[in-house]
Amino acid sequence: MDVTLERIAKKVLPEFHTKVQKKIRKCKYVYSRQLKRPFDYAQSDIRIKQIKIMSKVIIVTGSTDGIGKITALNLAKKGHTVYVHGRNEAKVLQVISEIKEASNNENIEGFVADFSDLESVIKMADKIKKEIPKIDILINNAGVFKSKAIENKDGLDMRMVVNYLAPYVLTNAILSNIKKSEAPRIINLSSAAQAPVSEAVLTGKEQQSENSTYAQSKLALTMWSFNLAKQEPNITVIAVNPGSLLNTKMAKEAYGQHWSPAEKGSDILVDLALSEDYKNDSGNYFDNDKGEVKGHFSPAHPDAYDEGKIEKLLSITNGLL
């Protein structure tokens, strides 16, 4: 502010002079704050720590292709530490390399396990417990619809094992590591296809169609998700239908067509995993087939709310394991 102008203002317009003085004081304050203040290294360290706190440790199962791979990539691009998973070691290593390059994020690792073999799942869980002390988010994405074999080596339906029993075993085995997170989340991949669980199918005593056993496995997963949310109130547990017939290998093998791009599914998984909007939605079912652009929470199959049926399901499940 020109000093001469200030003197004129003081003599001619006292009121205007007062405003000028306030303007000068404000300018001096801003100047001292922005130009004269030395660099605050302590505050810088705090900001760096805050950025580190914001970065999550995330496991995405079934992430060597489809929406799992896209989800892992998008999480990596956001700066999170991401662990991918697949049943083929060469493919896992390839995906790790691809995601590192595409995201410019070196904090990408992976695990190998065949989810149709529960012993393999247990070995993977043991490795996770040793290598990852704290897990912020677990996305149980791995799933199967069509498979060359109807049953696994233990005589259990492949869909029931991969889609329900494997995530059940994995999650419970690493639950103590998940609980160490300040705001842990578990996202379980359900489906619009949900059907009452047959004890005979669950225990491998009866074989039904792929459509039927797939739908049963997804309801079983949803029922367990709701129970887990009640048992672990400090963990946000959400079951989600990422979208029907997305453009993925699974949909192509099953139906030879798709309705929506795979990104529709990966986008909602990233959103549910990270957004604060869902921190109070534990024990709910998100249906991404609802709504125009993005879905919303919706009622799951009635059996998912039947405590008696849930208790029976978990009793049989634990008996199998």
Side-chain angles (χ1 to χ4, degrees), residues 61-62 115-116 118 121 140-147 149-152 154-172 186-232 237-246 250-251 253-255 259 265 268 272 281-290 295-321:
T61 68
F115 269 29
S116 70
L118 295 179
V121 177
N140 281 313
N141 169 74
V144 65
F145 185 90
K146 278 188 174 293
S147 60
I150 298 175
E151 302 174 342
N152 75 344
D154 300 314
L156 299 173
D157 181 85
M158 290 290 283
R159 279 145 293 281
M160 196 63 77
V161 176
V162 176
N163 301 343
Y164 167 56
L165 294 176
Y168 180 92
V169 169
L170 174 65
T171 303
N172 283 300
I186 298 172
I187 310 300
N188 287 333
L189 271 285
S190 183
S191 170
Q194 298 177 17
V197 182
S198 163
E199 180 177 349
V201 171
L202 178 59
T203 56
K205 294 178 181 178
E206 181 183 321
Q207 292 180 3
Q208 293 184 10
S209 68
E210 292 170 336
N211 282 304
S212 177
T213 55
Y214 178 83
Q216 289 182 50
S217 71
K218 289 303 184 179
L219 177 55
L221 184 79
T222 305
M223 294 167 74
W224 161 59
S225 299
F226 288 1
N227 178 263
L228 181 62
K230 290 182 179 179
Q231 297 300 317
E232 301 295 341
V237 184
I238 297 174
V240 54
N241 162 33
S244 297
L245 287 184
L246 301 177
M250 181 187 293
E253 289 179 347
Y255 301 104
W259 292 344
I268 192 57
L272 291 174
D281 290 311
S282 189
N284 288 317
Y285 168 72
F286 191 98
D287 189 347
N288 209 30
D289 283 335
K290 308 291 186 181
H296 53 72
F297 287 100
S298 182
H301 190 283
D303 285 6
Y305 307 95
D306 190 315
E307 293 297 334
K309 290 183 178 180
I310 293 174
E311 185 178 343
K312 182 179 179 181
L313 169 70
L314 299 181
S315 176
I316 295 171
T317 299
N318 292 326
L320 285 173
L321 305 174

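Every heavy atom of this structure was used, including side-chain atoms; hydrogens, water molecules and symmetry mates were not. Source: prediction; values computed, not measured.
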I need the [X] [atom1] to [Y] [atom2] distance, nearest 0.5 Å.
| X | Y | atom1 | atom2 | value |
| --- | --- | --- | --- | --- |
| Asp157 | Thr203 | CG | OG1 | 11.0 Å |
| Met223 | Asp306 | CE | CG | 7.0 Å |
| Leu219 | Tyr214 | CG | OH | 12.5 Å |
| Leu118 | Leu170 | CG | CG | 11.0 Å |

I want to check something: taking the side chain as every heavy atom from C-beta on, are [X] and [Y] in contact at a cut-off of under 4.5 Å?
| X | Y | value |
| --- | --- | --- |
| Val197 | Asp303 | no |
| Leu272 | Ile268 | yes |
| Leu202 | Met160 | yes |
| Lys218 | His301 | no |
| Val144 | Phe115 | no |
| Trp224 | Leu221 | yes |
| Ser147 | Glu210 | no |
| Thr222 | Asn188 | no |

Sole candidate of Ser190, Ser217, Ser191 that passes side chain to side chain donor-acceptor pair (under 3.5 Å) when paired with Asn163: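 Only one of Ser190, Ser217, Ser191 forms a side chain to side chain donor-acceptor pair (under 3.5 Å) with Asn163, namely Ser217.
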Asp281 side chain to Asn284 backbone, donor-acceptor under 3.5 Å: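 Absent.
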Which heavy atom of [X] sits nearest a heavy atom of [Y], and at what distance?
| X | Y | answer |
| --- | --- | --- |
| Asn288 | Gly295 | OD1-N, 2.9 Å |
| Ala166 | Val121 | O-CG1, 3.7 Å |
| Val237 | Ser282 | N-OG, 2.9 Å |
| Leu156 | Leu165 | CD1-CD1, 4.0 Å |
| Ser116 | Asn152 | O-ND2, 3.0 Å |

Checking Asp287 now: which residues fulfil side-chain contact (heavy atoms from CB on, under 4.5 Å) with it, not counting sequence neighbours?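 side-chain contact (heavy atoms from CB on, under 4.5 Å) check on Asp287 returns Asn241, Tyr285, Asp289, Lys290, Ser298.
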Side chain to side chain donor-acceptor pair (under 3.5 Å) partners for Gln208, two or more places apart: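 Counting only residues at least two positions away or on another chain, Gln208 forms a side chain to side chain donor-acceptor pair (under 3.5 Å) with Glu206, Ser212, Gln216.
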Tell me whether the count of non-hydrogen atoms from other residues, nucleotides or ligands lying under 6.0 Å of CD1 in Ile150 goes above 12.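 No - once you tally the heavy atoms of other residues, nucleotides and ligands closer than 6.0 Å, there are 12 at most.
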Can you list every pair that meets side-chain hydrogen bond (donor to acceptor under 3.5 Å, both in side chains) and has a residue in residues 312-321, with sequence neighbours left out?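 Of all non-adjacent pairs touching residues 312-321, those that pass side-chain hydrogen bond (donor to acceptor under 3.5 Å, both in side chains) are Tyr164-Thr317, Tyr168-Asn318.
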